[in-house]
Each structure stands twice: as structure tokens, then as C-alpha cells.
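In what follows, a single structure is set out as C-alpha cells and then discussed.
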Amino acid sequence: MWVIAASVLLVSPAASAQQSSKDVLASFGIKIVEPMTAKELTAAKARVDAELEKSGTAALFENVSDANGGKARHRASGLVCPLGKKGQRVLAASMAEASCETKDGSTIYQTRVEKALEGATLETAVEKALTASQKEPGYVASGGVAVTGHPRPGSGRPDHQTLRFLSQISGQERLSRLQIGVVRGWVLTERRITSNKNAKPSTMADVLSEATFGTGMDIQQ
């Protein structure tokens, strides 16, 4: 959900042209990830297994690493967490919830699922998320009203809402973007945290985030 991977970038045979294209895509927040070799994949799987053992969650996840990266799937919900690299870890897990985190420089991406209560709707999930956000130190709403996303029919993407707010995290003012949706009986929350001091608006990054919400739960059991 956080990285868009491509096996081949069809732009030009020239290495310089390819690098230029990568730089352009990177300016929009798109990272091109080359597929791993068999040796690299074996090493990635070992790192994922080690992280699951370290977090005490090996029984709750299945290692589903492939050529596009190390990752593990929460058996109960189907949530896929990128793992195996520095800054990637499982935060918590049980049969009723799971959460993981990726740190990329000063930006933190957190994904969490929890079993939805009977009768839960997008509206009740967002209300609960908003109430929890308002309890964070220094909470201030940011970016106006919540944004509601309605994916293209047939895309398989769930409806969701986006909340933006400022809060104090580890003594620093942080800007958070929360995207909330209900997927197959689970409340999915994707959170992006950046330093408010260094935060720069990125329309393309927001568009990509809206378009890819929920892809981390694509892999079915």
C-alpha cells in the first residue's frame, strides 16, 4: 500500500533516460522497486521470519514474501504487512487485530485492522477514529472537513474517509492523515505521520493514497 512496484520501466534503452524517469516518478512520491533475485528473496523471507519471532506473532502471520518484497499476512484478517527491511515491524497482533509500521526517513506509515463490531458502518468507524484522534495531545483539525473516497465501481476498493489533524507526538508537532474503511468485517486504518515543520503538500501522493487504499488486504485466505 505504501510502495508502488514495477518489474520493468519501459521508457528507453539508455540507462540515463531510465534514471531520469525514475527521478521524475520519485518527485511524485512513486518508488520503482526492482524485483528481487532468488537469493535476495530467500534472505528476505528469513528476515521476515525473524521479525515475526521477535515480535512473538509468528503463529498469527503467514510469510508471503515474493519477488516484490518481504511481507507477512495476518491470518485472521488478510492484512499484508511489508517486513524484512530496516524500519519495518509488527506493532501488535491477535486474532482480533493487527498493526504494523514502516519508517521511511522522517515519515511513518502505520496500518491497523481490528474486527468490526456487529452493525459497524463506515460512519461509525470514522466517528470512533475521530474520537480517538481528538484525545491525542495538541489535537487540531487540519485540511478542512473529512474527505470521502468512492472508488471506481468494480475496482474492489472500499469506500473510505480521510481525516487530517495535528498532534504532539514525542514532543514534536506532527501532521497525520488517517484513512478509514470497513473491509470484509474489519475496520482498516492507514495512517501517515510527518513532521508538520517539514510537511509539503503533494497532490499526486494524496491521489495515489486514495486510489490504493485497501490494497493491503487484497490477498485472500
Side-chain angles (χ1 to χ4, degrees), residues 1-4 29 31 55 57 71-74 77-83 85-94 96-116 120 122-149 151 157-183 186-218:
M1 70 201 75
W2 302 312
V3 178
I4 294 182
K31 295 182 179 180
S55 61
T57 60
K71 47 197 170 185
R73 181 181 65 196
H74 184 233
S77 67
L79 174 70
V80 176
C81 293
L83 293 174
K85 291 184 178 180
K86 183 179 180 180
Q88 296 178 335
R89 60 179 179 141
V90 174
L91 296 176
S94 69
E97 68 171 311
S99 58
C100 50
E101 175 181 273
T102 292
K103 291 184 178 180
D104 184 4
S106 61
T107 302
I108 300 174
Y109 300 90
Q110 296 176 342
T111 305
R112 181 175 187 271
V113 290
E114 62 177 332
K115 195 67 177 176
L122 176 59
E123 289 70 26
T124 59
V126 171
E127 183 179 354
K128 182 178 179 180
L130 179 59
T131 298
S133 300
Q134 291 173 335
K135 293 179 180 179
E136 294 190 18
Y139 170 88
V140 177
S142 176
V145 299
V147 177
T148 302
R157 302 277 72 77
D159 284 357
H160 62 279
Q161 284 197 15
T162 301
L163 306 176
R164 293 181 175 85
F165 62 91
L166 300 173
S167 63
Q168 295 288 331
I169 300 177
S170 300
Q172 296 184 344
E173 188 174 54
R174 303 280 186 168
L175 175 64
S176 290
R177 181 187 65 206
L178 259 65
Q179 293 174 277
I180 307 104
V182 180
V183 185
W186 294 80
V187 177
L188 171 65
T189 304
E190 297 182 3
R191 181 171 183 171
R192 178 178 184 268
I193 305 171
T194 57
S195 169
N196 188 44
K197 181 178 180 181
N198 299 322
K200 296 180 180 179
S202 176
T203 302
M204 180 59 72
D206 283 347
V207 169
L208 288 171
S209 182
E210 295 291 338
T212 59
F213 177 81
T215 55
M217 291 182 72
D218 275 354

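The analysis underlying the following values was restricted to heavy atoms, covering all of them including side chains, and did not include hydrogens, waters or symmetry mates. The residues of the chain are indexed from 1 along the displayed sequence.
Between Arg89 and Leu91 there is a side-chain heavy-atom pair separated by less than 4.5 Å. Using a 4.5 Å heavy-atom cutoff, the side chains of Ser77 and Met217 are in contact.
Within a 6.0 Å radius of NZ in Lys128, no more than 12 heavy atoms belonging to other residues, nucleotides or ligands are found. No more than 12 heavy atoms of other residues, nucleotides or ligands shown are found within 6.0 angstrom of CD on Glu127.
The heavy-atom pair separating Thr57 from Ser55 by the smallest distance is OG1-OG, 2.7 Å. Smallest separation of non-hydrogen atoms from Glu136 and Ser167: OE1-OG, 2.9 Å. Scanning all heavy atoms of the two residues, the minimum distance from Leu188 to Gly214 falls at CD2-CA, 3.7 Å. Summarising the geometry of Ser133 relative to Phe165, their closest heavy-atom pair is OG-CE2, 3.4 Å, with the distance given to 0.1 Å. Contact between Phe213 and Gln179 at its shortest, heavy atoms only, is CE1-O, 3.4 Å. The heavy-atom pair separating Ile180 from Leu122 by the smallest distance is O-CD1, 3.3 Å.
Just one residue in the list Glu97, His74, Arg112 forms a side-chain contact (heavy atoms from CB on, under 4.5 Å) with Trp186, and that residue is His74.
Listed by chain and number, the residues in a salt bridge (charged side-chain N to carboxylate O under 4.0 Å, His left out) with Arg174 amount to none (sequence neighbours excluded).
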Review point. Step by step, would you call Glu173 with Gln168 a side-chain contact (heavy atoms from CB on, under 4.5 Å)?
Key: CA-CA 5 Å; Glu173 188 174 54; Gln168 295 288 331; 3.9 Å; yes
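The distance from atom NE2 of His160 to atom CG of Leu178, rounded to the nearest 0.5 Å, is 11.5 Å.
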